[in-house]
Amino acid sequence: MRKAVYPGSFDLLSNGHLDLIKRASKMFDELHILVSNNIAKKYSFTVNERIEMIKDCTKDMNNVVVASTNELVVKYCKEQNINVIIRGMRNYSDYESEFSLFQYNRDIYPEVETILLMPTTKNQVVSSSAIKELVTFGCDIHKYVPKPIVNRIIKKFTE
């Protein structure tokens with residue numbers, strides 16, 4: 001069975017994330033969406049809220065598993081017998097950070113491979129932080145966020 005993991009904080013799930021999930025799920029028999037904690041980030045949504053949003057948006061994808069971890073992604077990969085990590089790359093600054101992460105992951109777990117997926121043109125500039133700012137200032141976010149979770153996101157930032 002070919003398995004991969006797509007890790008991220010997913011604070012909030014964007015159409016860019018969902019685009020990569022859909023594409024990666026077609027490449028593998030089982031795709032794990034791993035909600036991981038970055039110690040440098042402050043989150044707007046709890047881990048459980050992020051998991052619920054991902055599940056709401058992927059419920060029609062039978063080969064998607066949604067999980068969370070407080071450990072390194074490569075540790076999760078070892079435990080789940082996964083040897084492919086999917087990462088999204090929108091621009092050159094993403095490349096720099098992904099390249100460093102790739103090196104660390106290979107040092108820790110040499111069997112793991114990293115596949116970088118580029119977003120489709122309409123999702124190249126989509127970022128969770130930009131969406132949070134837009135919704136905070138009352139802008140329409142429908143074209144940036146999956147339909148099943150739009151209202152949940154608006155509610156979080158307008159109350």
Side-chain angles (χ1 to χ4, degrees), residues 1-82 84-90 94 97-98 101 105 112 114-120 122-159:
M1 176 182 277
R2 297 173 309 148
K3 298 196 298 186
V5 64
Y6 176 35
S9 59
F10 303 108
D11 188 48
L12 51 83
L13 185 73
S14 71
N15 282 337
H17 293 128
L18 189 57
D19 172 51
L20 293 184
I21 291 168
K22 287 177 180 178
R23 291 167 45 211
S25 72
K26 292 176 185 174
M27 296 179 196
F28 296 92
D29 300 316
E30 189 172 278
L31 177 65
H32 291 237
I33 311 306
L34 187 63
V35 177
S36 54
N37 284 317
N38 180 334
I39 58 173
K41 288 186 177 181
K42 182 179 178 189
Y43 296 106
S44 300
F45 293 92
T46 67
V47 169
N48 287 337
E49 287 173 323
R50 289 180 268 158
I51 289 171
E52 285 175 24
M53 286 190 284
I54 295 167
K55 285 181 176 180
D56 286 348
C57 296
T58 61
K59 61 184 168 196
D60 295 334
M61 296 178 216
N62 297 330
N63 65 332
V64 170
V65 175
V66 184
S68 67
T69 187
N70 288 320
E71 301 286 341
L72 292 174
V73 172
V74 290
K75 183 173 181 185
Y76 180 85
C77 289
K78 281 182 181 182
E79 291 169 357
Q80 298 296 319
N81 197 29
I82 296 172
V84 176
I85 298 173
I86 304 291
R87 299 294 297 174
M89 189 176 73
R90 295 171 295 186
D94 281 354
S97 63
E98 293 302 335
L101 192 55
N105 287 339
V112 75
T114 299
I115 295 176
L116 299 175
L117 291 180
M118 300 343 157
T120 54
K122 66 181 177 181
N123 292 313
Q124 278 183 327
V125 298
V126 176
S127 73
S128 297
S129 56
I131 294 167
K132 291 174 188 178
E133 186 173 354
L134 289 171
V135 75
T136 299
F137 288 99
C139 297
D140 183 12
I141 60 166
H142 283 81
K143 67 181 181 179
Y144 307 115
V145 177
K147 190 175 185 173
I149 62 172
V150 169
N151 289 336
R152 187 180 308 178
I153 293 166
I154 291 170
K155 184 177 180 183
K156 175 68 94 174
F157 292 98
T158 57
E159 287 187 342

Quick one: list whatever passes ring pair (Phe, Tyr, Trp, His ring centres under 6.0 Å) with Tyr6, sequence neighbours left out. Phe10
What pairs with Glu133 under salt bridge (charged side-chain N to carboxylate O under 4.0 Å, His left out), at least two apart in sequence or on another chain? none
Looking at side-chain heavy atoms only, is the closest gap between Leu101 and Arg87 below 4.5 Å? yes
Given Asn15 and Val126, is the side-chain contact (heavy atoms from CB on, under 4.5 Å) satisfied, shown in steps? CA-CA 8 Å; Asn15 282 337; Val126 176; 5.5 Å; no
Residues in side chain to side chain contact (heavy atoms under 4.5 Å, CB included) contact with Ser129, at least two apart in sequence or another chain: Ser127
Residue pairs passing the side chain to side chain donor-acceptor pair (under 3.5 Å) test where at least one lies in residues 21-34, sequence neighbours excluded: Asp19-Arg23, Glu30-His32, His32-Tyr76
Pairs satisfying ring pair (Phe, Tyr, Trp, His ring centres under 6.0 Å), at least one member in residues 47-75, at least two apart: none
How would you list all residue pairs meeting salt bridge (charged side-chain N to carboxylate O under 4.0 Å, His left out) that involve residues 65-78, not counting sequence neighbours? Glu71-Lys75
List the residues meeting side-chain hydrogen bond (donor to acceptor under 3.5 Å, both in side chains) with Asp11, not counting sequence neighbours, and say none if there are none. Lys132
If a pair satisfies ring pair (Phe, Tyr, Trp, His ring centres under 6.0 Å) and one of its residues is in residues 129-159, list it, with sequence neighbours excluded. Phe45-Phe157
Taken in chain and number order and not counting sequence neighbours, the residues that satisfy side chain to side chain contact (heavy atoms under 4.5 Å, CB included) with Ile115 are Phe28, Val84, Ile86, Leu117
Results of side chain to side chain contact (heavy atoms under 4.5 Å, CB included) for Ser97 - residues two or more places apart only: none
Would you say Ile149 and Leu12 make side-chain contact, with heavy atoms under 4.5 Å? no
Are Pro146 and His17 side-chain neighbours, meaning at least one heavy-atom pair lies under 4.5 Å? no
Is Thr69 reaching over with its side chain to a backbone N or O of Ser36, donor-acceptor style, under 3.5 angstrom? no
Would you tabulate the side-chain donor-acceptor contacts of residues 52-61 under 3.5 Å, counting partners in other chains and residues two or more places apart, or write 'none'?
{"unit_1": "Asp56", "atom_1": "OD2", "unit_2": "Arg152", "atom_2": "NH2", "d": "2.6"}
{"unit_1": "Thr58", "atom_1": "OG1", "unit_2": "Ile54", "atom_2": "O", "d": "2.8"}

